[in-house]
Structure formats: structure tokens, C-alpha cells
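Sending over a structure as C-alpha cells; questions will come in a sec.
One is the number of the first residue; the rest follow in order along the sequence.
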Amino acid sequence: MISRTLKNTKGNLTVLTQHNRKLQQSLEELERVNKNYLRIMRVMAHDLRNPLSGITGLASVLMDEEEFSDDSKYMLKLIETTGLHSMEMINELLKSGLEDDNEILIKQQFDLRSLLYDSVELLQFRAKEKNQQIVFENDNKPVLAEINHEKIWRVVNNLIVNAIKFSYSNSTIKVGIKENNHLVLIWVADNGMGIAPEQKEVVFEMFTPAKRNGTHGEQPFGLGLSISKKIIELHNGKIWFENNVDKGTIFYIELPGLGT
């Protein structure tokens, strides 16, 4: 009996050793694939700097032209600001090696309502390409918070661009902000494709499998929501979504506020 037990134990150990070897091989393969993803993203980030720099420079030059109206100059200023924020993001990614787990977040007091207003104004033109309208719901009062402007700008723009991408033509997208008990609530509501129940658990994953083309065939990348979730959590906030009763999805962001 003892001999049989020893043989069985030895056999189990052999099987376990083989399983561990296969698991180690799988982990090494995952690490290799991950490194390839990072390498590709670094190349893409590096190559995006030149066209963005050109766009920002042209916008700056055009703002000095006298024939442009104040409204046109304001839009050019938004283009320049967005280009500069994008350049900052790319430079930050390149400096950090596209890995920001230990990043120290630099925050300043900022009016979130102003940030959302600028983002909505900038993206109205993109929405109009699909005959959509973005409505900004707010109390017309400052909403102050300690934030990293570039990162929250990235999150808000990502949510609005997604709303445009996944909404149908001739629809309305609602972007709003309010403060209650020193908590700031931001929402982006679309009237589009919605999120399938089986995809709800994975939409915030990096390279999520819950990727679909937009209503006009726009290409998905599967990175935006994962990055957005990380940024919001770095701000001690949370991000989630619910079904929109009018059809579509409502994304919510909750952040600590400073009061007014």
C-alpha cells in the first residue's frame, strides 16, 4: 500500500511539474506579447508627434491673421490647446515607457465646468459630421476640483468621442456636470448602440475584446476606457456606466470636489 501510494504521489508530482512548466511557458509568451504591444505603441506615439506639432503650429500662426473673426480665433485656440495637450500626453507616454503604475500625479485647482465646456465646443464639429448635437447640461457656475488637467481632459474627450462614434446620425448627446456634498458628478449620455450585457464586465479592460465598429464604421482601439478608468482612480474617483432609457449608454464620473 505504501509503495502504491508513493508511486501515485510521484506520478502526481510529475503531472504537476508538467503543468507548472506549461504555465511558465504561457506566462513567458504573455510577457513577450505585452512587450510587443508596448513597442508598437511607443512607435505610434513617437510618429504622431510630428503631425500634431504641425497642426498646433499652423493654428498658432492663423490666430495672428487679422481676417479671422473672434469666434474663429477661439476655435483655433481650442485646436492649439488640444494639440498641445496631445503632445504633452505623447511625451509623457514616451518618457514613462507607456507604463505609469508608479506615476506621481501632479494636480492643480481647476474649474471642471470650464474644461467640459471647451471639450464640448471642440467636438461639436465632429458631431455635426454625423448630424448630431452635443448638449451641455450645467448650472453655469464654476465646479472646482483638484485635478491633473491634461489627464481629465483626456478622459472627457474620450467619453464624448465614444458617444459620437457609437450614436446614430441625427441624435443628441448630453454632457453634464453638477456638484453635491463636495462630490462632482459628470455624465455623457448617448443615444446609440448600447453595450451588450455579456460585455459589461470587460469594457474597462486594456485591449478589451468588447470592441465594435461605430455606427459609421469607425475603427475601435480598445484602449480609451481602460486608460480613463486608471486616470479617474488616480484622482480618487470612480467611473461606471448605465443603460440609457432612451436607448444607448450613460457614462458617469464621480470626483472629489472643493465646493463653490
Using the side-chain contact (heavy atoms from CB on, under 4.5 Å) rule, take Leu258 and His182 through it: C-alpha gap first, then chi angles, then the decisive distance, then the call. CA-CA 6 Å; Leu258 297 179; His182 300 289; over 6 Å; no
Is a side-chain N or O of Glu254 found less than 3.5 angstrom from the main chain of Leu183, in a donor-acceptor match?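 No.
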Give a yes or no answer on whether the side chain of Lys128 reaches the backbone of Gln133 with a donor-acceptor pair at less than 3.5 Å.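 No, the answer is negative, given that no donor and acceptor are paired below the 3.5 Å cut-off.
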Looking at Pro142, is its backbone amide N or carbonyl O close enough to the side chain of Asp111 to form a donor-acceptor pair, meaning the two atoms are under 3.5 Å apart?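 Flag not set: sc Asp111 to bb Pro142 has no pair under 3.5 Å.
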Is it the case that more than 12 heavy atoms not belonging to Gln108 sit under 6.0 Å from its CD atom?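 No, CD of Gln108 has 12 or fewer neighbouring heavy atoms, counting only those of other groups under 6.0 Å.
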Please answer whether the main-chain N or O of Thr56 pairs with a side-chain N or O of Ser60 as donor and acceptor at a distance below 3.5 Å.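 No, the answer is negative, given that no donor and acceptor are paired below the 3.5 Å cut-off.
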Quick one, Phe251 and Leu225 - any side-chain contact, counting heavy atoms below 4.5 Å?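 Sidechains of Leu225 and Phe251: in contact.
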Which atom pair, heavy atoms only, marks the closest approach of Pro256 to Ala145?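 Taking every non-hydrogen atom into account, O-CB, 3.6 Å.
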Starting at CD of Glu146, measure out to CG of Leu105 and round the result to the nearest 0.5 Å.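 Here the rounded value is 10.5 Å.
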Partners meeting side-chain hydrogen bond (donor to acceptor under 3.5 Å, both in side chains) with Ser72 (sequence neighbours left out):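 Ser69.
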When you look at Asn157 and Ser119, which way does the side chain to side chain donor-acceptor pair (under 3.5 Å) test go after all the steps? CA-CA 6 Å; Asn157 275 262; Ser119 183; 3.2 Å; yes
Calculate, to the nearest 0.5 Å, the distance between atoms CG and CD1 belonging to Leu122 and Ile79 respectively.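 Interatomic distance, Leu122 CG to Ile79 CD1, rounded to 0.5 Å: 7.0 Å.
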How many angstroms lie between CG in Asp71 and CD in Glu121, if you round to the nearest 0.5 Å?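 It is 9.5 Å, given to the nearest 0.5 Å.
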What's the verdict on side chain to side chain donor-acceptor pair (under 3.5 Å) for Asn158 and Ser228, showing C-alpha distance, side-chain angles and the deciding distance? CA-CA 8 Å; Asn158 177 66; Ser228 297; 3.3 Å; yes
Can you tell me how far apart CD1 (Ile152) and CD1 (Ile186) are? Round to the nearest 0.5 Å.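 Rounded to the nearest 0.5 Å, the CD1-CD1 separation comes out at 7.0 Å.
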Spatial distance of atom CD1 (Ile106) from atom NZ (Lys151) [nearest 0.5 Å]: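 Interatomic distance, Ile106 CD1 to Lys151 NZ, rounded to 0.5 Å: 9.5 Å.
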For Leu144 and Phe110, what are the C-alpha separation, side-chain angles and deciding distance, and is it a side-chain contact (heavy atoms from CB on, under 4.5 Å)? CA-CA 6 Å; Leu144 302 178; Phe110 201 84; over 6 Å; no
Any heavy-atom pair between the side chains of Val188 and Ile253 that's under 4.5 Å?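 Not in contact.
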If you count every heavy atom of other residues, nucleotides or ligands that lies below 6.0 Å from Asn131 atom CG, does the total exceed 12?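 Enclosed: over 12 neighbouring heavy atoms sit under 6.0 Å from CG of Asn131.
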Can you tell which of Ile164, Ile173, Val175, Val156 makes a side-chain contact (heavy atoms from CB on, under 4.5 Å) with Leu123?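 Result for side-chain contact (heavy atoms from CB on, under 4.5 Å) with Leu123: Ile164.
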So does Thr172 get a backbone contact from the side chain of Asn191, meaning a donor-acceptor N/O pair under 3.5 Å?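 Yes: the side chain of Asn191 pairs with the backbone of Thr172.
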Report yes or no: does His235 contribute a side-chain atom to a donor-acceptor pair with the main-chain N or O of Asn148 at less than 3.5 Å?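 Yes: the side chain of His235 pairs with the backbone of Asn148.
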Treating Glu137 as the side-chain partner and Ile177 as the backbone partner, does any N or O pair qualify as donor plus acceptor under 3.5 Å?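 No; judged by distance alone, with no hydrogens or angles, the pair does not exist.
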Is there a donor-acceptor contact under 3.5 Å from the side chain of Ser171 to the main chain of Ser167?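 No, the answer is negative, given that no donor and acceptor are paired below the 3.5 Å cut-off.
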What residues, two or more places apart in sequence or in another chain, satisfy side-chain hydrogen bond (donor to acceptor under 3.5 Å, both in side chains) together with Glu233?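 Result, side-chain hydrogen bond (donor to acceptor under 3.5 Å, both in side chains) vs Glu233: Lys229.
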Can you tell me how far CG of Leu58 sits from CG of Leu76, rounded to the nearest 0.5 angstrom?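 Result: 10.0 Å between the selected atoms.
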Could you list the residues that satisfy side-chain contact (heavy atoms from CB on, under 4.5 Å) with Lys77, not counting sequence neighbours?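 Counting only residues at least two positions away or on another chain, Lys77 forms a side-chain contact (heavy atoms from CB on, under 4.5 Å) with Met63, Glu80, Thr81.
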List for me each residue that meets side-chain contact (heavy atoms from CB on, under 4.5 Å) alongside Tyr252, sequence neighbours excluded, and say none if there are none.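 side-chain contact (heavy atoms from CB on, under 4.5 Å) check on Tyr252 returns Leu185, Trp187, Trp240, Glu242, Ile250.
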Return the set of residues passing side-chain hydrogen bond (donor to acceptor under 3.5 Å, both in side chains) with Asp118 (not counting sequence neighbours), or none when no residue passes.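 Once residues adjacent in sequence are excluded, the partners of Asp118 under the side-chain hydrogen bond (donor to acceptor under 3.5 Å, both in side chains) criterion are Tyr74.
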Over all atoms of both residues, closest heavy-atom pair of Thr82 and Trp153: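 So the two residues come closest at OG1-CZ2, 3.4 Å.
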List the residues meeting side-chain contact (heavy atoms from CB on, under 4.5 Å) with Asn140, not counting sequence neighbours, and say none if there are none.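 So Asn140 forms a side-chain contact (heavy atoms from CB on, under 4.5 Å) with Arg113, Asn138.
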With sequence neighbours left out, write down each residue that passes side-chain contact (heavy atoms from CB on, under 4.5 Å) with Gln124, or none if nothing qualifies.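 Here the qualifying residues are Val120, Ile134.
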For Phe136, give me all partners under ring-ring contact (aromatic ring centres under 6.0 Å, His included), at least two apart in sequence or on another chain.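 None.
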Counting only heavy atoms not in Lys73, do more than 12 fall under 6.0 Å of its NZ?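 It does: Lys73 NZ has more than 12 such atoms within range.
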Quick check: does any side chain N or O of Lys238 sit under 3.5 Å from a backbone N or O of Leu255, one acting as donor and the other as acceptor?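 Side chain of Lys238 to backbone of Leu255: no pair is present.
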Count I, L, V, M, F, W, Y as connected when their side-chain heavy atoms are under 4.5 Å apart, and connections chain through other members. Are Leu84 and Val155 then in the same cluster?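 Leu84 does not cluster with Val155.
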Main-chain N/O of Thr249 paired with Asp190 side-chain donor or acceptor, under 3.5 Å: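 It does hold such a pair.
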Near Glu66 CD, under 6.0 Å, is it more than 12 heavy atoms from other residues, nucleotides or ligands?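 Not buried by this count: 12 neighbours or fewer within 6.0 Å.
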